[in-house]
Amino acid sequence: MSLFSLFSLALTAILAENFVLVKFLGICPFLGVSKKTDTALGMGMAVVFVMGLSSIVTWAVNEYLLLPLGLAYMQTVAFILVIAALVQFVELFLKKFIPTLYTALGIYLPLITTNCAVLGAALLNVQAPRGPLESTAFGVFSGLGFTLAIVLFASVRERLEFSKFPKAFEGFPQALITAGLIAMAFMGFSGLSIG
C-alpha cells in the first residue's frame, strides 16, 4: 500500500464518503452524544478504536474462517459478534480507567455494538478488494470521519444554546436542521477525486 493510496483512502473515508454526513450511518450516537464537545470527542475516539480493530478482526474472520468454510452468508452475524465483543472490551476499559467518560457516554456506549457505521465499515471492507492493512486503515479513517462529524456537530450545538430561535425550532428540530446543513456542506466533497 503506497503513501498516495493511503492518503486517497483517508480523504475518501473522512470527507468524501463520511459515514455520518454522506452515508447517514451512525445517526443515533451522532444525535445522542453531541450535546458537549468533550463527550462527543470521547465517543468518537471509542468509535475509532472499535472501527479500526473490528475492521482487521472481521477481515481475518472472513478470510480465514467464513470463506474457507463456505459460510459467507453468515458475515453479518459473525461481524456483529466481533463488534459486540470489542465494545464490551472498550466499555470495561472506560469503566476502569476513565469513569467520567464512561458515565457521560451512558447508554450510547453499548449502542456502538449496533452502530451501523461500525458494521458498515466491516461489510464495505469485505465487499471491496482490500487487504488487512487497507481494511484497518479504512476502519480507522472512517472512525476519524465519524469523530470529525460528531465533534463539529457538538461544537455547533454548544454555540446554538446561547442563540434565540422561534419556539417551534428549539431543541431537537434545531439539531436536525444543523445536522442537515453540515451534511450539505460535506456533500461538497462528493466530487473529490484523487487519482
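As the structure is a computational prediction, the values presented were derived from the model and not from experiment.
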Checklist entry - Hey, is CZ on F89 packed in by over 12 heavy atoms from elsewhere, all under 6.0 Å? => result no
Checklist entry - What is the minimum heavy-atom distance between A154 and A40, and which atoms define it? => result CB-CB, 3.7 Å
Item to check | Heavy-atom closest contact (F153 atom, A179 atom, distance) | outcome: CE1-N, 3.5 Å
Item to check | Expected output: side-chain N62 to main-chain T58 donor-acceptor under 3.5 Å | outcome: no
Checklist entry - What are the two closest non-hydrogen atoms of E161 and K35, and how far apart are they? => result OE2-O, 4.2 Å
Checklist outcome for this item: To the nearest 0.5 Å, atom CD of E63 lies from atom CG of N125 at 11.0 Å
Checklist entry - Stepwise, does the side chain to side chain contact (heavy atoms under 4.5 Å, CB included) test hold for F93 with V90? => result CA-CA 5 Å; F93 177 82; V90 169; 5.6 Å; no
Item to check | Set of salt bridge (Lys or Arg N to Asp or Glu O under 4.0 Å) partners for K164, sequence neighbours left out | outcome: none
Item to check | Any residue meeting side-chain contact (heavy atoms from CB on, under 4.5 Å) with L148, in chain and number order, not counting sequence neighbours | outcome: I14, L15, L152, F186
Checklist entry - Is there side-chain contact between Y73 and L71, with at least one heavy-atom pair below 4.5 Å? => result yes
Checklist entry - When rounded to the nearest 0.5 angstrom, what is the spacing between OG1 in T37 and CZ in R159? => result 9.0 Å
Item to check | Between CG on residue N18 and CG on residue L25, distance to nearest 0.5 Å | outcome: 10.0 Å
Checklist entry - So do the side chains of F146 and V48 get within less than 4.5 Å of each other, counting heavy atoms only? => result no
Checklist entry - Which pair of heavy atoms, one from L53 and one from I56, lies closest together, and at what distance? => result O-CG2, 3.2 Å
Next on the checklist: Is there a path of hydrophobic side-chain contacts, each under 4.5 Å between heavy atoms of I/L/V/M/F/W/Y residues, joining V57 to L92?
Outcome noted: no
Next on the checklist: If I take atom CE from residue M184 and atom CG from residue L21, how far apart are they, to the nearest 0.5 angstrom?
Outcome noted: 12.5 Å
Item to check | hydrophobic_cluster_shared for L67 and L69, side chain cutoff 4.5 Å | outcome: no
Item to check | Nearest heavy-atom neighbours spanning M51 and A117 | outcome: CE-O, 3.1 Å
Item to check | Residues L124, F19; criterion side chain to side chain contact (heavy atoms under 4.5 Å, CB included); working and verdict | outcome: CA-CA 11 Å; L124 285 173; F19 270 84; 3.8 Å; yes
Checklist entry - So how far is it from L133 CG to S5 OG, rounded to the nearest 0.5 Å? => result 9.0 Å
Checklist entry - Okay, side chain of T136, backbone of P132: is any donor-acceptor separation there less than 3.5 Å? => result yes
Checklist entry - Is there a side chain to side chain contact (heavy atoms under 4.5 Å, CB included) between F138 and L9 once you walk through the steps? => result CA-CA 7 Å; F138 180 74; L9 186 65; 3.7 Å; yes
Item to check | Closest heavy-atom pair and its distance - V20, A149 | outcome: CB-CB, 4.1 Å
Checklist entry - CG of L3: more than 12 outside heavy atoms within 6.0 angstrom? => result no
Next on the checklist: Between L31 and F172, is there a side-chain heavy-atom distance shorter than 4.5 Å?
Outcome noted: yes
Checklist entry - Can you tell me how far the OG atom of S55 sits from the CZ atom of R130, to the nearest 0.5 Å? => result 9.0 Å
Checklist entry - Given the rule in the side chain to side chain contact (heavy atoms under 4.5 Å, CB included) test, do F79 and L66 qualify, once you have shown the distances and angles that lead to the verdict? => result CA-CA 11 Å; F79 293 175; L66 298 178; 4.3 Å; yes
Item to check | W59 and Y64 aromatic ring geometry - parallel, tilted or perpendicular at 30°/60° bounds | outcome: perpendicular
Next on the checklist: Testing V87, I80, L81 one by one against I83 for a side chain to side chain contact (heavy atoms under 4.5 Å, CB included), which residue passes?
Outcome noted: V87
Checklist entry - Does NZ in K23 sit with more than 12 non-hydrogen atoms of other residues, nucleotides or ligands closer than 6.0 Å? => result yes
